[in-house]
Protein chains: 2
Amino acid sequence: MGDIAIVTMTGGITAPRGVRAAGVHCGIKRQALDLTLVASERPASVAATCTTSQVAAAPILLCRRLLSVGRFAALVANSGNANACTGDAGLADAERMGQVAAAALGVPVEEVYVASTGVIGARLPMGKVEAGIREAASRLSPEGGREAAAAILTTDTRVKEAAREVQLPEGSFRVGGMAKGSGMIAPDMATMLAFVATDLSVPAPLLQGALNDAVGGTFNCITVDGETSTNDMVLAFANGRAGLPEALPASPALSAFTQALGDLCGELARMIVADGEGVTKVVEVRVRGARSGAEARRLGLRIGNSPLVKTAFFGQDSNWGRIMAALGSAGIPVDPARIAIAVEDVPIVRGGIGVGTEAERAANERMRQPTFTVTVDLGLGPAECSIWTTDLTEAYVRINAAYRS
Amino acid sequence: MGDIAIVTMTGGITAPRGVRAAGVHCGIKRQALDLTLVASERPASVAATCTTSQVAAAPILLCRRLLSVGRFAALVANSGNANACTGDAGLADAERMGQVAAAALGVPVEEVYVASTGVIGARLPMGKVEAGIREAASRLSPEGGREAAAAILTTDTRVKEAAREVQLPEGSFRVGGMAKGSGMIAPDMATMLAFVATDLSVPAPLLQGALNDAVGGTFNCITVDGETSTNDMVLAFANGRAGLPEALPASPALSAFTQALGDLCGELARMIVADGEGVTKVVEVRVRGARSGAEARRLGLRIGNSPLVKTAFFGQDSNWGRIMAALGSAGIPVDPARIAIAVEDVPIVRGGIGVGTEAERAANERMRQPTFTVTVDLGLGPAECSIWTTDLTEAYVRINAAYRS
């Protein structure tokens with residue numbers, strides 16, 4: 001891409017031009033910010049991927065309905081309450097959030113998206129929520145990104161924002177986003193939300209394609225405890241405010257956008273994995289030599305979700321027998337005699353057999369780092385996939401057992 | 001079954017007539033018993049189910065080969081070393097164990113089964129193992145069942161034995177067995193072994209059918225951490241020493257045998273779940289109202305393997321949102337609006353919505369017991385399945401992180 005540059009910049013969802021945001025405290029939580037509003041200066045195209053859970057929360061049902069219209073004006077999101085398992089009344093609450101935001105902003109209700117994250121099974125305090133939406137609408141600002149990113153957090157310990165500027169010969173555009181979700185995958189909390197804006201003009205089908213690519217290689221490749229939430233949502237909108245021509249299929253601009261979006265989602269995804277009081281290790285499990293990317297991903301997730309492997313990460317123990325056992329149990333044909341495993345640059349298994357105790361000691365040394373890579377080579381084909389996972393710690397159990405008690 | 005009685009009796013693998021056993025210390029472990037020999041007084045029919053792991057240990061490969069012959073004379077099993085991920089040399093070691101036992105007992109080598117459990121990736125100390133087999137052969141006794149059951153343990157804290165006597169109008173027969181596997185599903189340890197003997201005469205195909213039925217509803221319905229081991233094996237043999245006629249298809253004797261075998265396997269399976277230092281709760285997750293037993297089982301396992309659900313069990317918290325989220329994430333169509341959940345006799349969800357905080361408090365009370373039942377009614381069909389699981393505790397993490405450090 002010769003004269004195209006992708007530059008990391010500060011900021012998040014409001015880094016792209018024509019995006020304003022606000023985060024307020026409306027009273028769902030006792031003290032913290034709990035309501036986010038994001039608005040596009042002009043109607044935007046939109047794309048989203050939602051949870052595959054059969055027990056989808058009310059805002060997910062609403063989001064799926066709006067996507068058939070396919071235009072975006074604003075997003076309202078609350079934290080502290082997932083509006084999940086709340087039945088028809090909960091769906092009406094989600095619709096009402098959209099109506100109040102649409103009225104406050106003077107935009108069509110079918111262009112207002114709603115997201116929620118927090119405790120499952122409780123009704124939203126709609127009086128507080130409605131007042132909060134109106135307050136947020138009055139505070140929208142191109143500087144409001146960070147406050148908006150703070151107001152979607154639950155047990156997260158850090159705000160998660162990222163942005164890129166893409167420089168093309170004909171001008172520049174920006175991509176910015178924010179995410180919520182802690183490495184702990186918090187108790188009762190909807191696992192993850194991510195919202196991304198761009199000021200490039202991208203037709204909805206191309207935007208959806210780029211988002212699917214980006215999510216497949218990033219948010220869908222992180223795992224902390226294998227849980228799938230009722231409220232997971234990744235949404236992207238493109239408002240064209242950069243003033244560049246609309247991105248066309250197979251154009252350099254679309255290609256650069258897709259790359260920047262993947263880059264951004266990867267950064268946000270790793271922030272999610274790294275966050276969380278109980279996590280002491282962030283581990284890249286790289287499965288290579290697979291017959292297909294899908295098989296590599298499933299094997300990587302099997303390793304990344306194995307409690308025995310994850311406790312070994314915590315113990316800084318290059319316990320490769322647990323990795324072999326996880327590989328064997330995924331229901332995917334593997335040939336043990338071809339498997340090689342390395343921790344960083346240290347091979348510990350070759351031809352399915354341990355290299356030796358000296359190698360294991362060297363690997364244990366590498367595992368003292370807060371982040372390290374475990375590479376598994378299946379020796380079966382050309383495909384590979386990286387999964388980001390964490391260790392499993394006593395703190396995880398303590399926090400998740402005590403949360404509601 | 002009118003005049004048929006199934007009576008619980010003491011003892012284990014040697015409760016049936018014509019079975020002798022011994023357990024010795026051969027030196028794989030520093031101190032404890034680590035080698036088991038079980039012999040049938042006369043050639044027996046045999047059936048087995050082995051791990052589905054793609055990384056199957058050497059004794060599993062040998063077992064699969066012997067099953068095509070289909071006759072049983074003896075079983076040799078060691079603990080402390082899984083003989084897994086040991087390549088061709090490991091397979092030769094397993095074969096050698098069979099040869100030494102066959103020679104010591106004067107039986108055909110193709111009738112001697114081998115099993116191992118313990119650390120993955122290390123070669124067996126064959127000198128010690130061979131001497132141990134010879135010693136065990138010299139000590140075989142109809143009273144050796146308990147010592148044999150002790151010598152297959154790894155991190156188990158208790159010997160696991162069970163036996164039944166089945167009284168028919170024409171006489172009685174016995175079924176007895178032993179198992180290994182701790183609720184903790186121990187680090188590096190092959191998950192579970194179970195061996196069952198009967199002195200009824202049962203043709204191999206009928207024995208395999210009865211074993212499949214029994215395992216499907218018992219050992220395959222327990223879960224502690226969702227791991228599948230390289231060495232799992234359940235083996236049954238039938239030597240006909242009770243002197244009753246051979247069990248025929250659809251006969252009352254076969255039906256009584258199948259029932260007794262299921263009963264016995266259920267008892268051994270629950271012993272496995274209940275064992276382990278980290279476990280404070282044993283929970284029956286009963287999924288009913290499913291379209292099929294297979295779907296009920298998958299949903300039950302999803303709940304029983306969810307870290308968030310299991311930490312809530314530890315916290316004695318009737319956190320039904322986590323159960324709903326687990327139900328939604330299994331990839332099986334469910335209708336949230338039809339779901340009902342109860343803890344023991346206390347309904348906490350009806351029509352997919354929480355019953356209320358008072359009900360949850362009552363449910364939390366029930367969860368103070370060491371064992372309780374969570375019933376999930378999907379409202380979709382007539383099928384059901386019960387899964388036995390445990391809580392996830394800080395001790396689990398501590399033990400599994402520290403084990404090799």
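The structure displayed is predicted, hence computed values, not measured ones. By convention in this document, chain letters (A, B, ...) are assigned in the order of the sequence lines, proteins followed by strands, and residues within each chain are numbered from 1.
Per-residue heavy-atom pair counts under 4.5 Å with chain A were compared for C85(B), G352(B), G354(B), A56(B), and the maximum is reached by C85(B). Comparing P333(B), G87(B), A330(B), A337(B) by how many heavy-atom pairs each has under 4.5 Å with chain A, the most go to P333(B).
Residues meeting the side-chain hydrogen bond (donor to acceptor under 3.5 Å, both in side chains) test with R298(A), sequence neighbours left out: none. By the side-chain hydrogen bond (donor to acceptor under 3.5 Å, both in side chains) test, R350(B) is found to be paired with no residue, residues two or more places apart in sequence or in another chain being considered.
Considering only heavy atoms from C-beta on, Q54(B) stays 4.5 Å or farther from P336(A) through its side chain.
Here the closest non-hydrogen pair linking W320(A) and G121(B) is CH2-CA, 3.4 Å. Between V55(B) and V334(A), the shortest heavy-atom contact is CG2-CG2, 4.2 Å. Closest heavy-atom contact between S329(B) and S53(A): N-OG, 4.2 Å.
Atom CD1 of I323(B) is separated from atom CD1 of I120(A) by 11.0 Å, given to the nearest 0.5 angstrom. Going from atom CG of N305(B) over to atom CG of N305(A) covers 10.5 Å, rounded to the nearest 0.5 Å.
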